[in-house]
Amino acid sequence: MASIGVRYPRYCPYTINVQDDGTETEVLGVGKVMGKAMSVNVTINANAVTQYADDGPAEVVAEFNSGTIANENNDLVASVEADLLGKTLTEDGEVISGGDDSPPYCRVGWIESRMLNGKRSYIGQIYTRVKYSPPSKELQTKGESITFGSVTLNGTIMLDKDGNFERHKDFPTLNQAVQYLNQWLNMGGETPELTFTSDPTNDATDVPIASSITVTFSNVIDHGDASLFNATSYDSVPASIIFDATKKIITVKPDENLLASTKYLLVLTGVTDAYNQTLEDTIVSFTTAAGV
């Protein structure tokens, strides 16, 4: 079986109440999207104990000792950073780290895509009790080539109230795997509808020729594409496509000023959000202002 990808990393913070008899109950918070996954590395350490009989090994027991998890995402949104690391997030978006920050316990999960005998399957992977620690940063000045950055969150895997630390299930479709993930990570309620707004709006006129086009989505976007075309010649317009840190806003910035008094088409294709909802392929048209 070949592993061919990881996506949809999510987490659910929770609190633990200890009863008089020493048992624990878990009070789940609301599940949330962690970001866009680049890689996940899990290490489990187990103590192997061997029982010998008749001059040879008769039984081997491997007991869970400890585990670590490293989630490498392409970015760390302020609200997620504050949630996972117990930091303070102010109303204006400032993240404050204190000496007594207390990261919460979390359920953590994602979807693994696998291929066996030419058939794809999807595994909903859950770790039931994890605590994260602040990530290290390594920065360098821009050189002759662009280096894409990432953020790695390192967590400690622990046994949950039932003495378990992991669970997973294999599904034939991505939707089934996402539903399993949503259930265990308490994504809760109805899935928020995927919608968008654009600037300029559809059929807008007198748009400045030096404009960039922005598209704002209601949910975090997992993947998709945006292309700009001249509506008369249908020539593709060279432009850079930039996602903001929240992964909800796309900015399409043409390499050169647009032509005056010209109609353009912004085409959105394959846009899928973190809830595995796909937006219908959409066209936003606008016309630039007349030249002076």
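We use all heavy atoms of the structure for the numbers below, so side chains are in, but hydrogens, waters and symmetry mates are not. For this chain, numbers begin at 1 and follow the sequence in order. Just so it is clear, the model here is predicted, and its values are computed rather than measured.
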Check: [X] side chain, [Y] main-chain N or O, donor-acceptor pair, under 3.5 Å:
X: Asn65; Y: Asn45; answer: no
X: Asp281; Y: Gly270; answer: yes
X: Asp162; Y: Asn164; answer: no
X: Ser227; Y: Val267; answer: no
X: Asn186; Y: Gly29; answer: yes
X: Asn175; Y: Gln179; answer: no

Answer with yes or no whether the hydrophobic clustering places [X] together with [Y]; edges join I, L, V, M, F, W, Y residues whose side-chain heavy atoms lie under 4.5 Å apart.
X: Leu259; Y: Phe229; answer: no
X: Tyr127; Y: Ile16; answer: no
X: Phe286; Y: Ile283; answer: no
X: Met158; Y: Leu28; answer: yes

Ring pair (Phe, Tyr, Trp, His ring centres under 6.0 Å) with Tyr122: which residues, sequence neighbours excluded? none

Using atom types as modelled, flag every donor-acceptor pair under 3.5 Å from a side chain in residues 192-211 to any protein atom, sequence neighbours excluded.
{"from": "Thr195", "atom 1": "OG1", "to": "Ser218", "atom 2": "OG", "distance (Å)": "3.4"}
{"from": "Ser198", "atom 1": "OG", "to": "Pro200", "atom 2": "O", "distance (Å)": "2.9"}
{"from": "Asn202", "atom 1": "OD1", "to": "Ser285", "atom 2": "N", "distance (Å)": "2.9"}
{"from": "Asn202", "atom 1": "OD1", "to": "Ser285", "atom 2": "OG", "distance (Å)": "3.3"}
{"from": "Asp203", "atom 1": "OD1", "to": "Ser285", "atom 2": "OG", "distance (Å)": "3.0"}
{"from": "Ser211", "atom 1": "OG", "to": "Pro208", "atom 2": "O", "distance (Å)": "2.9"}

Exactly one of Pro13, Cys106, Pro103 should register a side-chain contact (heavy atoms from CB on, under 4.5 Å) with Leu84. Which one does? Cys106

Considering all heavy atoms of both residues, which atom of [X] and which atom of [Y] are nearest to each other, and what is their separation?
X: Leu185; Y: Tyr11; value: CD1-N, 4.1 Å
X: Leu228; Y: Pro254; value: CD2-CG, 4.0 Å
X: Arg120; Y: Ser113; value: NH1-CB, 4.2 Å

Under the salt bridge (Lys or Arg N to Asp or Glu O under 4.0 Å) test, which residues partner Glu26, sequence neighbours left out? Arg107, Arg129

Does the pair Thr278 and Thr272 meet the rule for a side chain to side chain donor-acceptor pair (under 3.5 Å), with working shown? CA-CA 4 Å; Thr278 300; Thr272 302; 3.0 Å; yes

Parallel, tilted or perpendicular: ring planes of Tyr105 versus Tyr14, cut at 30 and 60 degrees: parallel

